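Following: one structure in structure tokens, then a few remarks.
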Protein chains: 2
Amino acid sequence: MNKKQPVYLKLFETISHAILDGKYKDGDLLPSVRAFASTQGANPLTVAKAYQLFQDRGLVTVKRGVGLFVANGAVQKLRNAERQNFIDNSWPEISKHMHRIGIELSDLIEQEG
Amino acid sequence: MNKKQPVYLKLFETISHAILDGKYKDGDLLPSVRAFASTQGANPLTVAKAYQLFQDRGLVTVKRGVGLFVANGAVQKLRNAERQNFIDNSWPEISKHMHRIGIELSDLIEQEG
DNA sequence: TGCACTGTATTATGGCACTGATGCACTATG
DNA sequence: CATAGTGCATCAGTGCCATAATACAGTGCA
């Protein structure tokens, strides 16, 4: 239903996925605000807004004048947070919706192959 | 991540659920714009906007000056559309996300009891 | 020291979606 | 015809988002 997402949230997801997929590990230097903005075709301030979300969660360490680094233990921390959020928030509603429209978990398993 | 939903989409969901749950069947008269707005604490125009979505999908029949009626076969049509949308759009992304954060379907089955 | 690179703060602007108030067109009823 | 109930179109206000132009502060290196 709702597919439209603000750019800064899309960027946040892009970076999150990169971290979860192992592209950036603990201590790694993230792309600079301006560089990442350039590759993504976005505004530097929008990228900064996305990075700000990581700072708010303590997932990156800022070295002013140098760049942003993936904080110690951030990869695991991010994965745990995502898992907890999925279990607590996303899944219950998904499960409800599935039940309402008559789709069971067993109907989905076969597609995993 | 994104929990905020416009009021008119919430109303759309509320009505959809009522129809899927059998509260309104084919041919039934839906609550009037003003009446539903009153019970939901919303603006009549916002309700009208939600109802508009049903018209766009051909799920309701408008009798100007009388009210909106659930169209013929709309219940089944709505259920099928929701199922198809879930299978084609929602589930693939959910599945991807689950795989990314390391949650398998089998991890969720036991909570269904 | 000078330079080029980092992130950040400020202010302003335009666009867009959502919401709200009013009034109009239509219909059933008496 | 009169009335009260429908849905609906038009206009305006609000807030979030994205972008922009600058300026500032910190760092690494020649």
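Note: hydrogens, waters and symmetry copies are ignored here, and every other heavy atom, side chains too, is used. All values derive from a computational prediction rather than experimental measurement. Letters A, B, ... are given to chains in the order of the sequence lines, protein chains preceding strands, and every chain is numbered from 1.
Comparing C/dT19, D/dC8, C/dT8 by their closest approach to the side chain of B/Gln52 singles out D/dC8. Looking at the side chain of B/Val33, the nearest of the listed nucleotides C/dT19, D/dG7, D/dC17 is D/dG7.
Looking at B/Ser38, its side chain never comes within 3.5 Å of a backbone N or O of B/Arg34 through a donor-acceptor pair.
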Per-pair distances, 0.1 Å, donor-acceptor, side chain in residues 62-74 of chain A, under 3.5 Å, sequence neighbours excluded:
none

Can I get a per-line list of side-chain donor-acceptor pairs under 3.5 Å for residues 45-56 of chain A, giving both atom names and the distance, sequence neighbours left out?
unit_1  : atom_1 : unit_2  : atom_2 : d
A/Tyr51 : OH     : A/Pro31 : O      : 2.7
A/Gln52 : NE2    : A/Asp56 : OD1    : 3.1

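In this structure, B/Asn43 places its CG atom 16 Å from P of D/dT14, rounding to the nearest Å. The CG-C1' distance, from A/Leu29 to C/dG7, rounds to 12 Å in whole Å. Atom pair B/Gln55:CD and D/dG7:P shows a separation of 9 Å (rounding to whole Å applied). Atom CZ in B/Phe12 sits about 14 Å away from atom P in C/dC18, given to the nearest Å. One can place CG of A/Leu30 at 17 Å from C1' of C/dT8, the figure rounded to the nearest angstrom. A straight line from CG of B/Leu45 to C1' of C/dT22 spans 9 Å, rounded to a whole angstrom. Between B/Phe54 atom CZ and D/dG7 atom P the separation is 14 Å, expressed in whole Å.
The shortest side-chain heavy-atom distance between A/Asn80 and A/Lys77 does not fall under the 4.5 Å cut-off.
In this structure, CZ in B/Phe86 is found 7.5 Å from NE2 in A/His97, a value given to the nearest 0.5 Å.
Among the protein residues, B/Tyr51 comes within range of no part of the nucleic acid, since none of its heavy atoms lies under 4.0 Å from any strand.
Heavy atoms from other residues, nucleotides or ligands lying under 6.0 Å from NE2 of A/His99 number 12 at most.
Note on B/Leu20: it does not cluster hydrophobically with B/Leu29, by side-chain heavy-atom contacts below 4.5 Å among ILVMFWY residues.
Taken residue by residue, residues 35-42 of chain A places no heavy atom nearer than 4.0 Å to DNA chain D. Residues from residues 62-73 of chain B placing a heavy atom under 4.0 Å of any atom in DNA chain C, listed by number, are B/Arg64, B/Gly65, B/Val66.
Each salt bridge (charged side-chain N to carboxylate O under 4.0 Å, His left out) pair with one or both residues in residues 14-23 of chain B, not counting sequence neighbours, appears once here: A/Arg100-B/Asp21.
No donor-acceptor contact under 3.5 Å links the side chain of B/Arg34 to the base of D/dG5.
In terms of phosphate contacts, B/Thr46 brings a side-chain nitrogen or oxygen within less than 4.0 Å of OP1 or OP2 of C/dG20. Side-chain N/O atoms of A/Tyr8 include one lying less than 4.0 angstrom from OP1 or OP2 on D/dC17.
Residues satisfying the side chain to side chain contact (heavy atoms under 4.5 Å, CB included) criterion with A/Asp88, sequence neighbours excluded, are A/Gln84.
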